[in-house]
Structure formats: C-alpha cells, structure tokens
There are 2 protein chains.
Amino acid sequence: MKASVGKGLSRSIEDYLKVIYKLEADSGSAQTSAIAEALAIAPPSVSGMVKRLAEAGLLEHSRYRGVRLTEAGQHQALRILRRHRIIESYLIEQLEYDWHNVHQEAERLEHAVSDALIDRMDQALGRPSHDPHGAPIPTPDGEIETIHYVPMTDLDVGSAGQLRMVGDKDSERLRFIASLGLRPGVAFDVVARQPFHGPLTIRLEGGREEVIGYELANSLQCERSGGDAK
Amino acid sequence: MKASVGKGLSRSIEDYLKVIYKLEADSGSAQTSAIAEALAIAPPSVSGMVKRLAEAGLLEHSRYRGVRLTEAGQHQALRILRRHRIIESYLIEQLEYDWHNVHQEAERLEHAVSDALIDRMDQALGRPSHDPHGAPIPTPDGEIETIHYVPMTDLDVGSAGQLRMVGDKDSERLRFIASLGLRPGVAFDVVARQPFHGPLTIRLEGGREEVIGYELANSLQCERSGGDAK
DNA sequence: ATTGGAATTTAACCTTGCCTAAACTAGAAT
DNA sequence: ATTCTAGTTTAGGCAAGGTTAAATTCCAAT
C-alpha cells in the first residue's frame, strides 16, 4: 500500500527530512553515517527509518550508497524549514530572544505549530524574505531562494562585500559574531589577509577594523559588492 | 528504582496528568473510564499508563477504584495548565486568534514550549492573573487561585452577577457566547427564569436582554455581585 | 587480483503507547 | 445472600523508534 503523505509526519520523521535536506544542500549527498551523526543516534536506527521513508515515497535509497529526497520529501523539508525560520524570526523580533538562544526553542516548536499560526507570525513580521541570520525563508508552497553567496574567505584584499548569512547552529559563535557588530546586511572592505588560512582584517562602516579568524570568516556568507576598495 | 521526576515528561503523560487533574477538580474523582473517554483511548490503555504513572510517583492508584494525583503529579499538571492558559492568552491578545479557535493550537504548543518562552509570553501580556476565558493562570511554582464562582443557574430572579468564566472546550458554544457579547467581567441582572430547567433571561449593561438556555447558563461561572436588582 | 578496514545493513531485542479479547471485581438489584 | 452487569484489569499483540552485536559490501591499497 502506498502511504499518502497526508498531513502529520511524526516529529522524528520531520527531523530526518530536515537533516537530509541540509546534508544534500551542504555537501551534495546524505550518507547514513552523516544522518546518524547529525541526529545523534546510531547508524542502524537510520537504516531502519530510511527504509520506512523510502516506502513512504519521501526519499530514494541506493543500498550502501546513501539517500536522496524525492520531490515530496523536499517539499516537506522546506515546509519545516519555513516553520523554523519564521519561528526564529518571530521569537527574536517579537519576544526579545537573542540571536543565539533561539535555535533550540525553534527546534521544538517547528513540530508543533499549525500552518495557521505560522501564517499569523509571518503576517506579524511583515512577511519577511529572510530570517535574522540572513537565511532565506521558503514560501508556503515550498519555493526557496537559490543563493550564490561566497564565504568571506573568497574575497580578495581590497574588495568590498556585504555580509549576508551567518548560520544558526553554534550559539557560541553567534554570540561572538554579534559582539563584533556583524549581522546580515553589514557592508565591509577586506583590508588585509594573511596567507595559509590565516585571519583577515575587515573595515566596517564607520572605519572600525576587526580581525576575523579563517575558520569563522569561512562560515560567513557574503555578497561581493564592489570590485575594489575606493 | 525510583523514577526521578526530572524535566521532560512525554506528551502522552502530560495529557494524562492534565485530564486527571481536571477530572479531580470537576467531579472529585478520576475513574479509569472517564480518563479513557477524555483522552479518546481505550480503557485498558489507561490501566497500563496509570501503572507507570503510579510507579513514577505522579499518582496513587487503588485498584478498581480510580486514581488520585500526588503532590508531584498536581505540580506537573499545574505547570501544564499554566502553559496552556498563557499560550491561549498570548495567541488571542497578540496574534489575533479568536476566543474559540485557540484551544487546539494551545493543546499542541503546551507540550513544546520552554519555561523561558512561557515567561516571555507572560511578560508580554503583563503577567495576567486570568486568561481570556476567565480561568485563573497558575503561578510558575504551581499555585492556583481557588475559585468559588457559581453557575448562572444558581442565581435567583432579581439578583445581580458578573460573568467570570466561560470554559474553553466547545468552540461552537464559545462562538455563540461571544456573539451575545458575553465575556468575563460582564455584569448582568437576572430578570426572569422559567421553572424545570428552562431558560433564563438576563439584562446586560445598556439594558439589552438575552435569553439563555439552561444548559448554557449552567456552564457560565458567575460571581454574585448584588443582593437584589435595584 | 586480493585483501583489510570502514561504512552499511541485518538480526535480535527494548520501551512507549496504543489495541482487542478474555478474565475478573464491586456493588446494585433482586 | 445471590446474581448480574458495568467497569477494570490482565494477557497478548502491534507499530514506531531506538539500541548493540554480527554479518555484509564497497573501495582503496597492496
């Protein structure tokens, strides 16, 4: 019998889909062990669930080789992502949550809110296209902006850029980023960089300069905005 | 081994505690079948869960005779009730939910929100003592106002009262109540009533009169406010 | 071509919550 | 006092999701 992907997926299934979507988006593929790692469960548990998800038509599975979401699976994943990002936005804008504390809460709420509530929140926020971390919010029917940002580490000395996206996983890191006054939309010039994956120095609006370690800079998604420093 | 009632009870357990608390409050006792009925599950399922809850120290069970929450059980139940009522209040006041649509949503959210989020909502609402249906909101440490309201049907002709509480279960009923302009705080006089559980007629502020069926009137909790009509 | 190790899957089992069918009280009605 | 019955509990199952241990399979390195 064919499972009709009706309304309610279990919390667990939603988590799988979310994680698989992210793995596909980030690294192109979703291996069993990567899924297990991301969900903090044992690999055999993943094998079991993957089988069920494949039977439900949410993904395709080539044995020993990994997994790929079907249309239906992606659609579901994007629904969840939309919820997550709207919830994060709402908590930050309307309930004074900090940028860096919000992830956990959203993680639990995204499985419990109705479409109606999401729409209310979306409306209260003015139907934003991006969340406060700069990540695009999927539309209700599962469209998402395809992004072509580059990591800050791809910018050459002398070039200008705008910070676009900072991620939302690591709250330590977010706290630090916030403390530097970095947030999506901020413009900067790269004024110096050391070779061999060393730190780079950027100048922000107002002339303040900050030194950013390579690792961190590499996680900051930016848009090139000026060919050259003026 | 003794289960340490730590942080996270399952959704299912929370629902049991909530229902048992309500049954005890309403009818004094909580029978297996009443619990089953309220949760829309089969009686044997209740027996099973009751055993586990008793082992966890959340309630006491006398075989064939029903169940009684322990201190710990009541405490948990009140935590959930607090969540529920704050969420309902928040959705109505801040997100334009209707009085009568809010119950379902709160029912799901109450199991997913953190204490921190509840506190934010509570703060945004100005730390209300009652929810929009007039029900008292338990404090964070599990105190709840003991109410001594009387059903509208207990008021004699000629006496005055204030509506205090309208319940939150039946959304049809709530819609109707709202359409009559009845809400907690509204003052009225009883101007007539028919015998044998017939309808009563009340006069609202402004002089408008409404006829209320016995059943409905009996579900409206009121406070006596004047000995006699003036 | 073979082999060794890492990753994956299978097998066997556990817990939570639910179910139905059958066995058992408790208490009302005779 | 006995019986009948409604309500409760026990027994036995099932599905979802997880676990560990053992068997596979792929691939990369000899």
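Keep in mind it's a predicted model, so treat the numbers as computed, not measured. A, B, ... follow the sequence lines: proteins, then strands. Residue 1 opens every chain.
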* Does C:dT8 have OP1 or OP2 sitting under 4.0 Å from an N or O in the side chain of A:Ser47? -> no
* Send over the distance from B:Glu37 CD to D:dT8 P, rounded to a whole Å. => 12 Å
* Out of C:dA26, C:dT8, D:dG18, which has the shortest distance to the side chain of B:Tyr64? -> C:dA26
* Roughly how many Å is it from CG in A:Leu9 to P in D:dA15, rounded to a whole number? -> 19 Å
* Return the nearest nucleotide to the side chain of A:Thr32; candidates are D:dT19, C:dT8, C:dT20. => C:dT8
* Asked: C:dC18 C1' sits how many Å from B:Leu39 CG, rounded?
  -> 12 Å
* **A:Arg83, A:Arg85, A:Lys18 screened by salt bridge (charged side-chain N to carboxylate O under 4.0 Å, His left out) with A:Glu107, the one that passes** => A:Lys18
* Asked: Starting at CE of B:Met49 and ending at C1' of D:dT8, how long is that distance when rounded to a whole Å?
  -> 17 Å
* Asked: For A:Glu37, does the CD atom have more than 12 heavy-atom neighbours from other residues, nucleotides or ligands under 6.0 Å away?
  -> no
* To do: Would you mind reporting whether A:Cys222 and A:Arg164 have side-chain heavy atoms less than 4.5 Å apart?
  => no
* Asked: Does a side-chain N or O from B:Gln31 land closer than 4.0 Å to OP1 or OP2 of D:dT8, or not?
  -> yes
* How close or far is atom P of D:dA16 from atom CG of A:Leu58, stated in whole angstroms? -> 13 Å
* Taking the side chain of B:Pro43 as heavy atoms from C-beta outward, which of D:dT9, C:dC18, D:dT19 is closest to it? -> D:dT9
* B:Ser12 near the nucleic acid: base, sugar-phosphate alone, or nothing, with a heavy-atom cut-off under 4.0 Å? -> sugar-phosphate
* **CA sep, side-chain torsions, deciding dist, call: A:Glu223, A:His148, side chain to side chain contact (heavy atoms under 4.5 Å, CB included)** => CA-CA 8 Å; A:Glu223 189 175 335; A:His148 45 266; 5.7 Å; no
* **C:dC18 OP1/OP2 closer than 4.0 Å to side-chain N/O of B:Tyr16** => yes
* Asked: At their closest point, which heavy atom of B:Val67 faces which heavy atom of B:Glu24, and how far apart are they?
  -> O-OE2, 3.8 Å
* Tell me what A:Arg63 touches on the nucleic acid: a base, only sugar-phosphate, or nothing, going by heavy atoms under 4.0 Å. => sugar-phosphate
* Asked: Between A:Ser33 and C:dA6, is there a side-chain N or O to OP1/OP2 distance below 4.0 Å?
  -> no
* B:Val113 and A:Arg108, any side-chain heavy atoms less than 4.5 Å apart -> no
* Structure fact -> Ranking B:Ser62 and A:Val46 by the position along DNA chain D of their nearest nucleotide, the one closer to 5' is B:Ser62
* Scan B:Ser45 against the nucleic acid and name what it touches under 4.0 Å (heavy atoms): base, sugar-phosphate only, or nothing. => base
* To do: Would you mind reading off the distance between A:Lys51 atom NZ and D:dA15 atom P, rounded to a whole angstrom?
  => 14 Å
* Asked: Whole Å only: how far is the CG atom of A:Leu53 from the C1' atom of C:dT9?
  -> 16 Å
* Asked: Where the side chain of B:Arg52 is concerned, which of D:dT8, D:dG17, C:dT16 is the nearest nucleotide?
  -> C:dT16
* Asked: Hey, does the side chain of A:His61 come within less than 4.0 Å of C:dT8's phosphate (OP1/OP2), counting only N and O?
  -> no
* To do: Assign each of A:Ile13 and A:Pro44 to its nearest nucleotide of DNA chain D by heavy atoms, then name whichever residue's nucleotide is nearer the 5' end.
  => A:Ile13
* Asked: When all nucleic acid strands are considered with a 4.0 Å heavy-atom cut-off, which category describes B:Arg65: base, sugar-phosphate, or nothing?
  -> sugar-phosphate
* Rounded to whole angstrom units, what separation is found between the CD atom of B:Glu55 and the P atom of C:dG17? -> 13 Å
